[in-house]
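Following: one structure in structure tokens, then a few remarks.
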2 protein chains.
Amino acid sequence: MERMRIGELTERAGVTQRTVRYYESIGLLPSGEREGNGHHYYTEETVTRLRKIDQLKKLGLSLEEIRDVIELYFTDPSGVQPKRKVLGLLRRHLADTDEKLEALRQFHAELQSHIERFERWLEVKDRE
Amino acid sequence: MERMRIGELTERAGVTQRTVRYYESIGLLPSGEREGNGHHYYTEETVTRLRKIDQLKKLGLSLEEIRDVIELYFTDPSGVQPKRKVLGLLRRHLADTDEKLEALRQFHAELQSHIERFERWLEVKDRE
DNA sequence: CCAAAACATGACGTTTACGTCATGTTTTTT
DNA sequence: AAAAAACATGACGTAAACGTCATGTTTTGG
């Protein structure tokens, strides 16, 4: 229950094989392969990593930006060199996330009120 | 202090002329022109509109999605033609937004706990 | 009034993030 | 062991969202 090949990986992570290959090609995913045969083998962490990449994408980061920070999400404090710098970066991401959450909530509210206005308008029309 | 041409418009809205032209070409912005000469003229509302578009882009909406909803910010229901269709679109956008919100919340939580791990690690170090 | 700046339009180019064959090898199923 | 399924690699294609000339017209500052 550790090593899997690309088929299982993509199914569990909800991405296509092409996506994985592409991420490997741009250095966003380590291309853990080699077993004599040409096949790549992946672990549970690769799944987590792909999911994290997806989250960061939804935050609006480009793959290049993600490549610059993804490591931070997979190293533990004891293994990182400029710890305070990393912490600073993480905090900025958190702040960005806060802002985006707020903006999204507002958009959500706006959408809802637009919808309600429409519904009221249609209700009136229906009664005629 | 009402009509302006594209130079002023783009400066005030913080976008390029090409962007405006592109938006006009895909029906995202009304191309308010005509004055005998070939020049396009815009108003304060166009500036607001461009800014709103930028906000929505930052939320991760595509220009197509934005085109579906942008009118709602500038007209009332009675002015929208296929009302039931628009209502359906709005509901889909609302559902999408719900999902995005949920993903962001989860990311936020994970990021926070990651940060806390870092902070605890540094605290310990500081006491040494 | 005339040169410089601003504008209009068209066409081709570019980047990101993959999709979609095509072809050959490896694994799995029967 | 043979056919089917999965995998590897390469190459070409694509959609979104503009960027960047090129060329011609209109406006404006001196």
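Just so you know, these numbers use all the heavy atoms, side chains as well, and skip hydrogens, waters and symmetry mates. So that the names make sense, note that chain A is the first sequence line, chain B the second, and so on, each numbered from 1.
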Requested in this report: Determine, using the 4.5 Å side-chain heavy-atom cutoff (strictly less than), whether B:Phe107 and A:Leu94 are members of one ILVMFWY cluster.
Outcome: yes
Query - Reference residue B:Met4; test side-chain contact (heavy atoms from CB on, under 4.5 Å); the match among B:Val47, B:Thr10, B:Thr46 - result: B:Val47
Query raised in the report: Could you go step by step and tell me if A:Glu110 and B:Lys52 meet the salt bridge (Lys or Arg N to Asp or Glu O under 4.0 Å) rule?
Result: CA-CA 12 Å; A:Glu110 287 171 359; B:Lys52 188 73 198 179; 3.3 Å; yes
Query raised in the report: Under 6.0 Å from the CD atom of A:Gln112, do we count more than 12 heavy atoms belonging to anything else shown?
Result: yes
Query - Output field: ring centroids A:Phe118/A:His114 closer than 6.0 Å - result: no
Query raised in the report: With side chains defined as the heavy atoms from C-beta onward, is the minimum distance between B:Trp121 and A:Asp76 less than 4.5 Å?
Result: no
Query raised in the report: So what does A:Ile26 hit on the nucleic acid, given a heavy-atom distance under 4.0 Å: a base, only sugar-phosphate, or nothing?
Result: nothing
So which protein nitrogen or oxygen atoms get under 3.5 Å of nucleotides 26-30 of chain D's nitrogens or oxygens?
residue: D:dT27; atom: OP1; partner: B:Asn37; partner atom: ND2; Å: 2.3
residue: D:dT27; atom: O3'; partner: B:Arg5; partner atom: NH1; Å: 3.3

Report task. Name the residue closer to the 5' end of DNA chain D, choosing between B:Leu61 and A:His40 according to the nucleotide with the nearest heavy atom. Result -> A:His40
Query - Residue pair B:Leu72 / B:Leu90, side-chain heavy-atom distance below 4.5 Å - result: yes
**Report entry** Within one Ile-Leu-Val-Met-Phe-Trp-Tyr cluster: B:Val15 and B:Ile53, side-chain cutoff 4.5 Å
**Finding:** yes
Donor-acceptor pairs are to be reported for all side-chain atoms of residues 19-31 of chain A against protein atoms at under 3.5 Å, with residues two or more places apart or in another chain.
residue: A:Thr19; atom: OG1; partner: A:Thr16; partner atom: OG1; Å: 2.9
residue: A:Glu24; atom: OE2; partner: A:Tyr42; partner atom: OH; Å: 2.5
residue: A:Ser25; atom: OG; partner: A:Tyr22; partner atom: O; Å: 2.7

Query - Overall bend - the helix from C:dC1-D:dG30 to C:dT30-D:dA1, comparing terminal axes fitted on five pairs, nearest 10 degrees - result: 20°
Requested in this report: Mind listing the residues from residues 13-22 of chain A sitting with a heavy atom below 4.0 Å of DNA chain C? Number order is fine.
Outcome: A:Thr16, A:Arg18, A:Thr19, A:Tyr22
Report task. Identify whether the distance between the nearest side-chain nitrogen and carboxylate oxygen of B:Glu71 and B:Arg49 falls below 4.0 Å. Result -> yes
Hey, what are the protein-to-nucleotides 21-23 of chain D N/O distances that come in under 3.5 Å?
none

Query raised in the report: Does one hydrophobic cluster hold both B:Leu89 and A:Leu104, with members joined at side-chain heavy-atom distances below 4.5 Å?
Result: no
Query raised in the report: Quick one: do A:Glu65 and A:Lys57 make a salt bridge, cutoff under 4.0 Å?
Result: no
Report summary line: Here the residues of residues 46-60 of chain B within 4.0 Å heavy-atom distance, strictly under, of DNA chain D are B:Lys57
Query raised in the report: Below 4.0 angstrom, N of the basic side chain to O of the carboxylate: do B:Lys58 and B:Asp54 qualify?
Result: yes
